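No hydrogens, no waters, no symmetry mates; every other heavy atom, side chains included, goes into these values. Bear in mind that the values here come from a model prediction, so they are computed numbers and not experimental data.
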Amino acid sequence: MTHPFYVFGSYGFAAVMILAIIAWTWIDGRLRRRELAALEASGIRRRSQRAPEGDAK
């Protein structure tokens with residue numbers, strides 16, 4: 001194995017891993033937004049969201 005092969009292989013592997021993590025995060029974010037939209041559509045709201053004016057706790 002030559003030295004440049006090792007160096008370029010290492011950089012290539014690191015680049016692939018970084019791209020995989022970015023893709024995984026992006027896909028997971030889209031899935032979580034879709035889940036959140038489904039929950040909000042079914043009437044479940046976030047705790048941080050303000051209650052409508054007529055509702056009291």
Flag yes if V16 and F13 sit in one hydrophobic cluster, no otherwise; membership is Ile, Leu, Val, Met, Phe, Trp, Tyr, and two members link when side-chain heavy atoms are under 4.5 Å apart.
yes
CZ/R30 to OG1/T25 distance, rounded to the nearest 0.5 angstrom?
14.0 Å
Verify side chain to side chain contact (heavy atoms under 4.5 Å, CB included) between R32 and L36, making sure each step is shown before the conclusion.
CA-CA 6 Å; R32 297 305 136 234; L36 184 57; over 6 Å; no
